[in-house]
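Worksheet for the structure shown next.
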Amino acid sequence: FGFLPFEGVRAGLMTLFNLGFICLLVRHRDKLLGLHFAILAVSLIAATEASTWFGAYLYLNATGTPLCCPFPGPVVAAMVLEMLRRTYTRVLLLLVSLGYGLVRPSLELKEYAMILLLSLAYLAASLVADVTKISQSHDVAHAGASDSVALDVPVLLFDLIFLVWIYLALVNIMATLRACGQTHKLDMYTRLAYVIGTFVALVSLLTVVIFVSRLGAFEWPWEYRWVQTVLLEVLNFAVIGGSGMKLRPVSPSGAQLRGHRGGLRDLAPDRALEAALDAPAARDGRARRRRRRRRGRRRRRSREVWPRRR
């Protein structure tokens with residue numbers, strides 16, 4: 001029964017990561033951004049979720065209560081925290097990719113609304129899929145492989161929307177940073193893009209393997225079936241830890257000062273960069289204003305010349 005030791009190890013590692021990250025926040029408390037607290041929040045949710053799962057499996061082992069159905073209280077709590085952690089992790093990556101807290105002090109209202117709608121849709125689809133699959137797995141009369149695959153389709157669709165949005169936002173923000181000569185931020189976003197790209201590639205590969213197995217192409221040995229679930233949690237822990245370390249608050253070292261004169265100030269939201277993100281619209285507005293000024297000057301000259309001609 002691999003879930004019990006795995007969740008214990010995951011809870012311990014997440015707790016160690018949180019303690020280290022909190023120490024960094026306290027040490028550099030005068031240089032903190034809202035993004036650092038968002039990273040801490042998602043890592044605390046992940047640690048609480050792992051601890052709740054560990055406690056739930058201890059409770060099931062001690063009492064002999066089945067996992068389903070109905071779901072015991074500790075299992076319900078762990079499932080809710082798991083859904084929140086999955087959703088919040090994707091939202092955090094999207095916010096970082098959009099430049100929130102690093103390049104842009106805030107997002108547009110329509111961006112907040114779209115992120116909220118996508119998050120709620122993903123949360124609802126994930127909750128329905130997980131609850132249904134667990135209940136079906138405890139129904140001996142249910143063959144359910146095709147139903148299980150069908151339940152995964154909405155979750156995969158919303159995951160794809162998240163990934164495409166994150167990719168497009170990263171491409172846009174990196175192009176803007178390159179055009180503005182913000183070398184330190186560009187280097188940080190480049191490293192973050194590699195972390196996210198590696199995570200996406202591994203998750204995609206694992207998702208394909210799990211999807212094919214549920215279609216009946218091959219069967220996992222019964223003693224290793226738990227592995228296909230925990231591998232996703234391992235990757236999630238890796239992306240939280242990797243992103244947290246790439247975006248951690250640090251002192252302006254010599255390498256940073258050589259790479260950019262601004263040091264840690266380069267991590268603060270930049271109004272010029274925010275304006276550069278809207279450069280096409282700004283250029284169009286400036287062009288319209290120049291045309292209006294030229295027309296105004298021509299009208300004034302014509303009014304001045306016309307009386308003398310008379």
Side-chain angles (χ1 to χ4, degrees), residues 1-19 41-89 122-156 159 203 206-207 209-241:
F1 194 61
F3 288 114
L4 181 61
F6 170 78
E7 294 297 350
V9 172
R10 185 162 74 102
L13 291 176
M14 286 303 307
T15 301
L16 290 176
F17 173 81
N18 287 330
L19 290 175
V42 73
S43 62
L44 287 174
I45 291 174
T48 306
E49 176 227 337
S51 301
T52 306
W53 272 121
F54 182 66
Y57 287 126
L58 284 177
Y59 169 79
L60 297 179
N61 271 1
T63 62
T65 306
L67 180 64
C68 176
C69 289
F71 294 103
V75 174
V76 173
M79 289 177 63
V80 171
L81 288 171
E82 181 181 351
M83 297 301 105
L84 290 175
R85 187 258 305 161
R86 288 183 186 176
T87 306
Y88 193 19
T89 301
Y122 177 82
L123 182 62
S126 300
L127 188 60
V128 170
D130 279 12
V131 169
T132 306
K133 282 187 288 188
I134 291 176
S135 61
Q136 288 178 357
S137 67
H138 287 74
D139 184 2
V140 294
H142 188 83
S146 60
D147 294 342
S148 177
V149 172
L151 289 169
D152 286 331
V153 172
V155 180
L156 293 176
D159 256 332
V203 168
L206 183 59
T207 301
V209 172
I210 295 174
F211 197 75
V212 170
S213 70
R214 288 177 180 172
L215 289 175
F218 66 92
E219 287 287 337
W220 290 76
W222 68 268
E223 63 269 25
Y224 296 116
R225 285 194 175 184
W226 61 277
V227 175
Q228 62 179 321
T229 302
V230 303
L231 285 177
L232 290 173
E233 307 305 332
V234 171
L235 292 175
N236 187 270
F237 169 76
V239 77
I240 292 175

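Since we're looking at a predicted model, the values are computed, not measured.
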message: Quick check for you: to the nearest 0.5 Å, what is the distance between Leu13 atom CG and Phe237 atom CZ?
response: 4.5 Å

statement: Interatomic distance, CG@Leu19 vs CE@Met14, rounded to 0.5 Å, equals 11.0 Å

message: Here's a test for you: under side chain to side chain contact (heavy atoms under 4.5 Å, CB included), which of Leu44, Val80, Leu81 qualifies with Glu49?
response: Leu81

query: Between Ala129 and Val155, what is the shortest heavy-atom contact and its length?
result: CB-CG2, 4.1 Å

field: Nearest-0.5 Å distance that lies between atom CD1 in Ile240 and atom OH in Tyr88
entry: 11.0 Å

message: Rounded at 0.5 Å granularity, tell me how far OG1 in Thr52 sits from CD in Glu82.
response: 11.0 Å

field: Closest non-hydrogen atom pair between Met83 and Leu127, with its separation
entry: SD-N, 3.7 Å

message: Quick check for you: to the nearest 0.5 Å, what is the distance between Ile45 atom CD1 and Thr89 atom OG1?
response: 8.0 Å

message: To check you understand the geometry: which heavy-atom pair defines the closest contact between Asn18 and Ser43, and what is its length?
response: OD1-OG, 2.6 Å

CG-CH2 distance between Leu60 and Trp53, expressed to the nearest 0.5 angstrom: 8.5 Å

- prompt: Can you check side-chain contact (heavy atoms from CB on, under 4.5 Å) on Val75 and Tyr57, steps first, answer last?
  reply: CA-CA 8 Å; Val75 174; Tyr57 287 126; over 6 Å; no

- line: Correct closest heavy-atom pair for Tyr122 and Thr87 would be CD2-OG1, 3.5 Å

- line: Smallest heavy-atom separation, Val234 atom then Phe6 atom, equals CG2-CE1, 3.7 Å

- request: For residues Phe17 and Gly241, report the shortest heavy-atom separation together with the two atoms involved.
  value: CE1-CA, 3.8 Å

